[in-house]
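Written out below as structure tokens is the structure these notes cover.
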Amino acid sequence: MSASAAAEGGPFNEVGAGSAQNLIQARDIDKIVNVYGGALDRRPQLHALPAAESDFENRERVFELLDELAGTEREPGRPAMALLTGLPGSGRRAAAKRWAHDRADRFPDGRFFIDFAGPGGRDVTGPADLLASLLGQLGVPEDDVRASPDLHALWRSGTTGRKMLVVLANVEVPGQIEYALPPSNEAMVLVTTDRDLSDVASRYGAERITLRPLGEDASRALLTRLAGPGRVAAEPVAAGELLNLCGGWPQALRHAGGWLRLRQGREISAAVRRMRAPGGPGEWEVEAVSDGTYAALPDRVRRAYALLGLHPAADDRLGTAAPTAPVTFVLPAAAALLGVGEDETADVLEELIDWNLLDEEGGRYSFHDRVRRHAHRMAQDSAEREAAVLRVAEWYLTATVAADLAVNPYRPTFGALYEEFRGVVSPFGSERETAEKRALRWLEIEHRNICATVYAAADRGRHDLVVQLCEAQWALQLSARPYGTLLPVLRKGLESARETGDPRWVFRLGTQLGRGCFETGRFPEAREVLQQALAAARATGDPLNEATAHEFLGRSYLDARDFAEARPYFVKARGLEERHGRWRGVAINLHHLARTALGLGDIGAAIEACDEAAAIFGGLSPRPDRYNLARVALTRGRALLRGHHEQEGLESLLLALDIMRAEGRLYQEAQILEELAEASPSGPYLEQAIAAYDRLGSPRADGLRLR
């Protein structure tokens, strides 16, 4: 410094003979930080985060968890760490960047960023490359980085105690995290990955936060912002299709919505066509599972992943069942697919969950549809594929037969499986009413899987499995009547019945399909099918089969309110049943005759037939047939009300309601509530009927609302 400067009162440093090290000259010194090799560096704040995406659909719950973690007190030297896990395209990286930008004021000492799948990150092939990149962001000159014998020590000394954030995107191996950890309990490390990094999480106390695909509301909100509210409102059906195709994947929604934003004159249906087109635009393809992730799976996990993707319920021929509904299955079904024990299966399912490839809720496992499609493509061995599908088909058949038998043990059946389960303790419980409710609930939950298994068996020419799977859904058909999905399956079942060459199956599937047709108002189809069933019944040589075919033909006229045409069929059926001592069949036809008499206006004959039928149902051994007792009570109540016996009629309807509720028969409960609403308009029955039909997904609910 010059003498004139000293004279002006400025700072003065004088160096005499000898050597001086770490000499500092400055007028104002705010802060000196020792960052490398003993040298001192004064530098600006460091912020290496890339720009955040526009139109981000906020992950509020994810951000709440990150905020909570960032604010948690920690031991000295231990940074907070979060693993944002999820599949490619789920928005992990976008969520990490958005949160980092929104919380910038929490990390005044710098925000650092490396994307291992990005252009710069691909060059990071080892610890030295990683640390060199981070030290560069820290402001250390390249020459000093190259000259340092210990880059890790250099990074640690520069980050000790600092309030900083390190974002590591698309991490594949633990080493990409461990070398980047700053020794500061004021710091935070935010990792995004689709790999299983459980070891790192447990070693450093990391919080694992899994990003799922967006829900319907969030997906629609993102598409609306991208494409514009007017376009979404103008094409609600096409918008729904587009949302289904994107499956809640933010990246897919961005591709589709971005295309629409740039093409204001194009309709949403055009985007749907582009996404549906075979080999559609590559930029819209969002691979749910990266090749690296699949290759990194342990061998047994990779095999299980591929075989589980073969689950039949991925089928797209399921009638009115939404094809985008997730495929869910239970542990025993997974064990059947894999061909191993349940304990081993449970272990491998847990590993798939750790890899974010599988979800579990309430004991049911599911793939996201995009993941399942990838898994399906990975099952290469054709022999193993076929064996896995047939194993799970046989499992569903066994379980469905057990459930059907638990609900309706009186129904005449044939087949080795029914004989195996008849007379033994039901897998659904030993107490009759409890077992019946559990079995019905199981049939409702598994209905989609069972229907899909029918198609899978038919595709493989296993007509024996097809007909048995169809017949075993009889209890569900009586209870819930899911005809949107069941009718196409029963038609497939009748085709397979003909292929078996066994008239017993043509009779059984014909009557089952015929019933579904007349209960849905398809009377011409019902009569055509039932005439074929009657011919097959005669070919079996069993007069009781013929009785059933006559009964169902009578039903096809009764439900069409052609009472005079219906009556001879029931008389014929009752006579056959009575001659062969099948009293339950006699009672069923007596009930049909009661309904016929009521339709013809003969109230006395209707009540008399109801009383006779109830006496038989109530005296059946080993226990009364409560379901049919309730049906008779409903008809009797209608007859009494028609005969102006209001109080007695209401009591009969309420008895029927109590039984059906106890039996868990929601469809019948809704019917009785509707009848009660007619008889007692001031009561709560109309609202209850609407609620019951709503739970069934029946359009009848909307009709009742108009009342």
Side-chain angles (χ1 to χ4, degrees), residues 400-401 404-405 407-408 410-415 418 451 454 463-464 466-483 486-560 562 565-566 568-577 580 582 584-589 591-593 595-596 625 627-628 631:
T400 306
V401 165
D404 180 50
L405 199 55
V407 176
N408 193 347
Y410 308 108
R411 183 167 68 94
T413 57
F414 74 98
Y418 276 95
C451 288
V454 169
H463 303 297
D464 58 323
V466 171
V467 292
Q468 292 179 85
L469 281 162
C470 288
E471 190 199 23
Q473 294 197 74
W474 182 256
L476 183 67
Q477 182 174 351
L478 292 181
S479 172
R481 292 167 168 78
Y483 286 128
L486 188 57
L487 275 181
V489 166
L490 293 177
R491 293 187 182 104
K492 180 68 68 176
L494 185 55
E495 291 174 13
S496 287
R498 297 188 184 111
E499 291 291 334
T500 67
D502 188 335
R504 294 177 299 176
W505 281 121
V506 177
F507 154 69
R508 300 183 82 86
L509 269 297
T511 52
Q512 193 171 356
L513 174 58
R515 177 168 189 149
C517 289
F518 65 65
E519 286 188 338
T520 53
R522 297 169 170 86
F523 300 115
E525 181 183 358
R527 289 162 193 159
E528 179 183 352
V529 167
L530 289 168
Q531 286 292 349
Q532 297 172 23
L534 177 59
R538 288 170 175 153
T540 67
D542 186 342
L544 294 177
N545 289 345
E546 188 178 345
T548 300
H550 275 100
E551 176 205 337
F552 278 40
L553 273 164
R555 284 287 309 274
S556 72
Y557 290 99
L558 175 62
D559 283 27
D562 191 346
E565 192 72 30
Y569 287 103
F570 297 137
V571 171
K572 175 72 171 177
R574 177 191 173 183
L576 287 167
E577 299 278 11
H580 293 83
R582 192 162 72 174
R584 182 173 179 274
V586 171
I588 287 173
N589 282 284
H591 179 223
H592 294 324
L593 286 166
R595 293 177 62 201
T596 303
D625 185 342
Y627 169 75
N628 276 303
R631 293 182 68 217

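Residues Ala539 and Pro503 come closest through the heavy atom pair CB-CB, 4.0 Å. Of all heavy-atom pairs spanning Val466 and Lys492, the tightest one is CG1-O, 4.1 Å. When all heavy atoms of Leu509 and Cys470 are compared, the pair lying nearest together is CD1-CB, 3.5 Å. Of all the heavy atoms in Phe507 and Ala536, the pair that sits closest is N-CB, 3.7 Å. Taking every heavy atom of both residues into account, Ser556 and Phe523 meet most closely at O-CD2, 3.4 Å. Contact between Glu551 and Phe570 at its shortest, heavy atoms only, is O-CE2, 3.2 Å.
With respect to Arg584 and Glu577, no salt bridge is recorded, no charged nitrogen being found less than 4.0 Å from a carboxylate O. Using a cut-off of 4.0 Å between Lys/Arg side-chain N and Asp/Glu carboxylate O, Arg522 and Asp559 are scored as not salt-bridged.
Note on ring orientation: taking the six-membered ring where Trp is involved, the planes of Phe552 and Phe518 are perpendicular (angle over 60°, cut-offs 30° and 60°).
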Report the C-alpha separation of Glu519 and Arg555 in whole Å, then their side-chain angles, then the decisive distance to 0.1 Å, and conclude whether the side chain to side chain contact (heavy atoms under 4.5 Å, CB included) test is met. CA-CA 9 Å; Glu519 286 188 338; Arg555 284 287 309 274; 3.5 Å; yes
Evaluate the side chain to side chain contact (heavy atoms under 4.5 Å, CB included) criterion for residues Asp464 and Thr500: first the C-alpha distance (whole Å), next the side-chain angles of each, then the deciding distance (0.1 Å), finally the verdict. CA-CA 7 Å; Asp464 58 323; Thr500 67; 5.9 Å; no
Trace of the side chain to side chain contact (heavy atoms under 4.5 Å, CB included) decision for Trp474 with Arg515: CA-CA 10 Å; Trp474 182 256; Arg515 177 168 189 149; 3.8 Å; yes
Are His592 and Tyr569 close enough, and set up right, to give a side chain to side chain contact (heavy atoms under 4.5 Å, CB included), and what steps lead you there? CA-CA 10 Å; His592 294 324; Tyr569 287 103; over 6 Å; no
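For the pair Asn589 (side chain) and Gly585 (backbone), a donor-acceptor distance under 3.5 Å is present. Looking only at distances, a side-chain donor or acceptor of Thr520 sits under 3.5 Å from a matching main-chain atom of Gly516.
With values rounded to the nearest 0.5 angstrom, Gln468 atom CD is found 11.5 Å from Ser496 atom OG. Atom OH of residue Tyr483 and atom CG of residue Leu513 lie 9.5 Å apart, to the nearest 0.5 angstrom. Expressed to the nearest 0.5 Å, how far CD of Gln512 lies from CG of Leu487 amounts to 10.0 Å. Rounding to the nearest 0.5 Å places NE2 of His550 at 5.0 Å from CG of Leu534. How far CG of Leu494 is from CD of Glu499: 11.0 Å, rounded to the nearest 0.5 Å.
Considering only heavy atoms from C-beta on, Leu576 stays 4.5 Å or farther from Leu544 through its side chain. Thr413 places a side-chain heavy atom less than 4.5 Å from the side chain of Arg508. Proximity of Thr548 to Arg582: side-chain heavy atoms (C-beta onward) are separated by under 4.5 Å at one or more points. Residues Cys451 and Gln473 have side chains in contact (heavy-atom distance under 4.5 Å, counting atoms from C-beta outward). Using a 4.5 Å heavy-atom cutoff, the side chains of Thr596 and Leu558 are in contact.
Remark: Arg527 qualifies as a cation-pi partner of Tyr557 under the 6.0 Å distance and 45° angle criteria applied to the six-membered ring.
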